Amino acid sequence: QVHLVESGGGLVQAGGSLTVSCVASGGSFRSHDMGWFRQAPGKEREFVARISRSGGTLQYADSVKGRFTISRDNFRNTVYLQMNNLKAEDTAVYYCAADSSPFSSILPEAYDYWGQGTQVTVSS
């Protein structure tokens, strides 16, 4: 069982930056690929970024490519999402998730564990 807790959300102006973090406990962080998803009001949860167990393979949604960076620290059991040049459409609850399977996936149903989410609001 992996317990995930996100932090770092908040209110930021369009064009600004924000970094959200997710700390894992209770399981083997290094045995999981990690992903970030987001969900805006009235919309489906959508994939944002994914990082492999070693941190060597990264994957991004087209909507955030070039603006967001996912990273992880396997000693601190933490995954980060650095968000630059934020836009109003980035406003959402951001969730981190852990995937124990050997297959890379951007589908929410592939992930075994989820955090409670952190709100990111971008004002225009």
Side-chain angles (χ1 to χ4, degrees):
Q1 187 83 11
V2 177
H3 184 59
L4 303 173
V5 178
E6 301 95 336
S7 63
L11 175 64
V12 63
Q13 288 189 331
S17 299
L18 198 64
T19 298
V20 290
S21 304
C22 172
V23 178
S25 61
S28 177
F29 180 70
R30 301 182 188 202
S31 298
H32 295 78
D33 287 358
M34 298 298 296
W36 283 99
F37 291 78
R38 66 187 182 187
Q39 188 166 19
K43 294 189 176 182
E44 299 279 325
R45 189 169 297 191
E46 65 172 357
F47 169 77
V48 175
R50 177 184 174 98
I51 187 167
S52 62
R53 290 156 172 77
S54 67
T57 301
L58 311 178
Q59 190 174 3
Y60 296 96
D62 288 343
S63 59
V64 307
K65 205 170 291 183
R67 300 188 298 122
F68 289 13
T69 302
I70 188 172
S71 61
R72 66 188 295 163
D73 184 337
N74 284 345
F75 292 101
R76 291 184 170 84
N77 290 351
T78 303
V79 61
Y80 305 95
L81 184 69
Q82 180 180 350
M83 303 179 287
N84 296 327
N85 190 20
L86 282 159
K87 304 176 182 180
E89 51 263 44
D90 294 318
T91 295
V93 177
Y94 282 72
Y95 299 90
C96 72
D99 178 9
S100 62
S101 78
F103 308 106
S104 175
S105 177
I106 64 172
L107 299 177
E109 51 265 37
Y111 289 74
D112 306 291
Y113 306 103
W114 291 83
Q116 83 290 346
T118 186
Q119 176 71 47
V120 173
T121 303
V122 183
S123 63
S124 56

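Being a predicted model, the structure only gives us computed values, none of them experimental.
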Enquirer: Among L81, T57, V79, exactly one meets side-chain contact (heavy atoms from CB on, under 4.5 Å) together with I51. Which residue is that?
Expert: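 The option that passes is V79.
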Enquirer: Identify the two heavy atoms, one from Y113 and one from L4, that lie closest to each other, and give their separation to 0.1 Å.
Expert: O-CD1, 3.5 Å
Enquirer: Side chains of W114 and R45: closer than 4.5 Å at any heavy-atom pair?
Expert: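 The answer is yes, as the side chains (C-beta and beyond) meet within the 4.5 Å cut-off.
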Enquirer: Ion pair present between K87 and D90, side-chain N to carboxylate O less than 4.0 angstrom?
Expert: no
Enquirer: Nearest 0.5 Å, what's the CD-CD distance between Q39 and E46?
Expert: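 If I round to the nearest 0.5 Å, the distance is 9.5 Å.
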Enquirer: Between M83 and L58, is there a shared hydrophobic cluster once you connect ILVMFWY residues whose side-chain heavy atoms come closer than 4.5 Å?
Expert: yes
Enquirer: Counting only heavy atoms not in Q13, do more than 12 sit closer than 6.0 Å to its CD atom?
Expert: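 Open: at most 12 neighbouring heavy atoms sit under 6.0 Å from CD of Q13.
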Enquirer: Do the side chain of T91 and the main chain of V122 share a donor and acceptor less than 3.5 angstrom apart?
Expert: yes
Enquirer: Heavy atoms only: give me the nearest S124-A14 pair and the separation to one decimal.
Expert: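 In this case the closest contact between S124 and A14 is CA-CB, 4.2 Å.
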Enquirer: Which distance, rounded to the nearest 0.5 Å, do you find between the CG of L86 and the OG of S123?
Expert: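 Reported to 0.5 Å precision, the distance equals 10.0 Å.
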Enquirer: Starting at SG of C96, measure out to NE2 of H32 and round the result to the nearest 0.5 Å.
Expert: 11.5 Å
Enquirer: Identify the heavy atoms of G10 and L18 that sit nearest to each other, and give their distance.
Expert: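 Shortest heavy-atom separation between G10 and L18 comes out as N-CD2, 3.8 Å.
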Enquirer: Ignoring hydrogens and angles, tell me if any N or O in the side chain of R50 forms a donor-acceptor pair with the backbone of Q59 under 3.5 Å.
Expert: no
Enquirer: Where do Y60 and A49 come nearest, in terms of heavy atoms and distance?
Expert: CD2-CB, 3.7 Å
Enquirer: Sub-3.5 Å donor-acceptor pair from the side chain of D33 to the main-chain atoms of R53, do we have one?
Expert: yes
Enquirer: Are there more than 12 heavy atoms of other residues, nucleotides or ligands under 6.0 Å from atom NZ of K65?
Expert: yes
Enquirer: Give, for atom NE2 of H3 and atom CG of N77, the distance between the pair rounded to the nearest 0.5 Å.
Expert: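 Nearest 0.5 Å value for the NE2-CG distance: 13.0 Å.
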Enquirer: Under the 3.5 angstrom rule, does the side chain of R76 hit a backbone N or O of V23 as a donor-acceptor pair?
Expert: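 No: the side chain of R76 does not pair with the backbone of V23.
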Enquirer: With the 4.5 Å side-chain cut-off for hydrophobic clustering, are V93 and V48 part of the same group?
Expert: no
Enquirer: Using 30° and 60° as the class boundaries, would you call the ring planes of Y94 and F68 parallel, tilted or perpendicular?
Expert: tilted
Enquirer: Between Y111 (side chain only) and S105 (backbone N and O only), is there a donor and an acceptor less than 3.5 Å apart?
Expert: yes
Enquirer: Taking the side chain from E6 and the backbone from C22, do they hold a donor-acceptor pair closer than 3.5 Å?
Expert: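 No, the answer is negative, given that no donor and acceptor are paired below the 3.5 Å cut-off.
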Enquirer: Please confirm whether the backbone N or O of V120 pairs with a side-chain atom of R38, one donor and one acceptor, at under 3.5 Å?
Expert: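 Such a contact is absent between R38 side chain and V120 backbone.
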Enquirer: Looking at every heavy atom in both A110 and D99, which two are closest together, and how far apart are they?
Expert: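 Minimum heavy-atom contact is O-OD1, 3.2 Å.
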Enquirer: Parallel, tilted or perpendicular: which one describes the rings of F37 and F47, with boundaries at 30° and 60°?
Expert: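 F37 and F47: perpendicular rings.
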Enquirer: Just by distance, do the side chain of Y80 and the backbone of T69 share a donor-acceptor pair under 3.5 Å?
Expert: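 No; judged by distance alone, with no hydrogens or angles, the pair does not exist.
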Enquirer: Show the nearest heavy-atom pair for residues N74 and F29, with the distance to one decimal.
Expert: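 Of all heavy-atom pairs spanning N74 and F29, the closest is OD1-CE2, 3.1 Å.
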